Amino acid sequence: MTSARTRDRLIKRLQSGGIVNPEVLERIRNVPRHLFVDEALASRAYEDTALPIGHGQTISQPYVVARMTEALIGGGPLRKILEVGTGCGYQTTVLAPLVGQIYSIERLAPLLQRARQTLFELGIKNVRFKHGDGLQGWPEEAPFDGILVAAAPATIPQDLVDQLAVDGRMIIPVGGRGGQELLQLTRRKDGTIHRESLCLVSFVPLLEGKIR
Ligand code: SAH
């Protein structure tokens with residue numbers, strides 16, 4: 001179920017969906033996604049689908065992780081990244097070797113604890129975690145060269161825009177429960193924000209406050 005053939009099939013599917021970055025495809029092939037879900041779901045870990053990870057949350061669909069990662073790193077080398085919505089840490093793990101340092105925020109303490117443990121076991125060292133409300137970003141570490149938001153707010157959160165460096169990119173799904181638009185926002189030198197729509201997606205909602 002975690003065989004090379006199963007993973008090859010997933011990579012082919014991502015390629016036919018338009019994912020071209022070889023580093024991204026390599027990461028999706030090599031990251032053991034079955035370690036991020038319950039054993040009962042491990043046989044489905046290399047399907048291109050979101051799966052439950054408890055607490056009403058889901059591990060993101062591989063295609064969406066690939067698309068967001070490709071968009072984020074497409075503008076050149078990134079030193080500091082903010083991730084909002086660690087979840088089980090799968091997206092974090094795919095991204096980690098492709099950037100300098102990741103700052104990842106999760107509002108649900110049990111999920112964060114499990115993600116921390118999984119990334120520790122995988123030997124990933126360039127991630128700092130925070131239990132908190134990602135809507136507020138991580139002002140002490142701002143500005144960020146890139147911001148990746150893995151849950152959908154109804155509108156673009158201004159605090160996150162304010163923490164984006166000049167030429168920095170934010171990849172964020174925006175919209176209501178029915179479906180959202182994945183946006184790529186770029187902060188220009190004159191302070192204005194360039195907005196591009198990447199595709200339609202379906203994320204869990206970005207919620208306020210943190211939960212123990
Ligand atoms: N990409 C993740 C899945 C993210 S699911 C993965 O690969 O596993 C979205 C996550 O965002 C959930 O874990 C949810 O608890 C979290 N979340 C929602 N609102 C948040 C907020 N305001 N701050 C931090 N995390 C938030």
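What you see is a predicted model; the values in this text were computed from it and never measured. As the structure lists them, so they are numbered: ligands from 1, and atoms in each ligand from 1.
Considering backbone and side-chain N/O of E83, none are found under 3.5 Å from N/O of ligand 1. Considering backbone and side-chain N/O of A150, none are found under 3.5 Å from N/O of ligand 1. Residue contacts with ligand 1: Q91 is placed with a nitrogen or oxygen under 3.5 Å of a nitrogen or oxygen of the ligand (distance criterion only). Of the N or O atoms in G134, one or more lie within a sub-3.5 Å distance of an N or O in ligand 1.
Distances below 4.0 Å separate heavy atoms of T58 from the following atoms of ligand 1: 3 (C), 4 (C), 5 (S). Within ligand 1, the atoms closer than 4.0 Å to a non-hydrogen atom of I105 are 24 (C), 25 (N), numbered from 1 in the order shown. Proximity to A151 (heavy-atom distance under 4.0 Å) selects the following atoms of ligand 1: 11 (O), 18 (C). Listed by number with element, the atoms of ligand 1 under 4.0 angstrom from any heavy atom of L111 are 13 (O). The distance from ligand 1 to the heavy atoms of G87 drops below 4.0 Å at these ligand atoms: 8 (O), 13 (O). Close approach of ligand 1 to T86 is summarised as follows: ligand atoms under 4.0 Å from at least one heavy atom of the residue are 2 (C), 6 (C), 8 (O). Taking every heavy atom of L108 and a limit of under 4.0 angstrom, the matching atoms of ligand 1 come to 15 (O). For ligand 1 and Y90, the ligand atoms under 4.0 Å from any heavy atom of the residue are 7 (O).
Taking the side chain as every heavy atom from C-beta outward, R67 and L198 approach each other to under 4.5 Å. Proximity of R188 to T192: side-chain heavy atoms (C-beta onward) are separated by under 4.5 Å at one or more points. Contact of the L182 side chain with the L200 side chain is not registered, since no non-hydrogen atoms from C-beta on lie closer than 4.5 Å.
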Quick one, R187 with D167, criterion salt bridge (Lys or Arg N to Asp or Glu O under 4.0 Å). Give me CA distance, side-chain angles, the key distance, then yes/no. CA-CA 5 Å; R187 177 189 281 277; D167 289 332; over 6 Å; no

Does the pair I124 and T118 meet the rule for a side chain to side chain contact (heavy atoms under 4.5 Å, CB included), with working shown? CA-CA 9 Å; I124 290 173; T118 309; over 6 Å; no

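Using modelled atom types, one finds a donor on one side chain and an acceptor on the other under 3.5 Å when comparing E83 with S104. In the model, Q61 has a side-chain atom that pairs as donor or acceptor with a side-chain atom of D48 under 3.5 Å.
Annotation: the span from L111 atom CG to H55 atom NE2 amounts to 5.0 Å, rounded to 0.5 Å.
The only member of E121, Q113, R114 that meets side chain to side chain donor-acceptor pair (under 3.5 Å) when paired with Q117 is E121.
Distance from atom 22 (N) of ligand 1 to its nearest protein heavy atom, with residue and atom name: L207 O, 2.6 Å. Nearest protein heavy-atom neighbour of atom 25 (N) of ligand 1: R107 N, 3.3 Å.
At least one heavy atom of G132 sits less than 4.0 Å from an atom of ligand 1. Taking 4.0 Å as the cut-off, V65 does not count as a neighbour of ligand 1 on heavy-atom distance.
A donor-acceptor pair under 3.5 Å links the side-chain atoms of Q163 to the main chain of W138, judged by distance alone.
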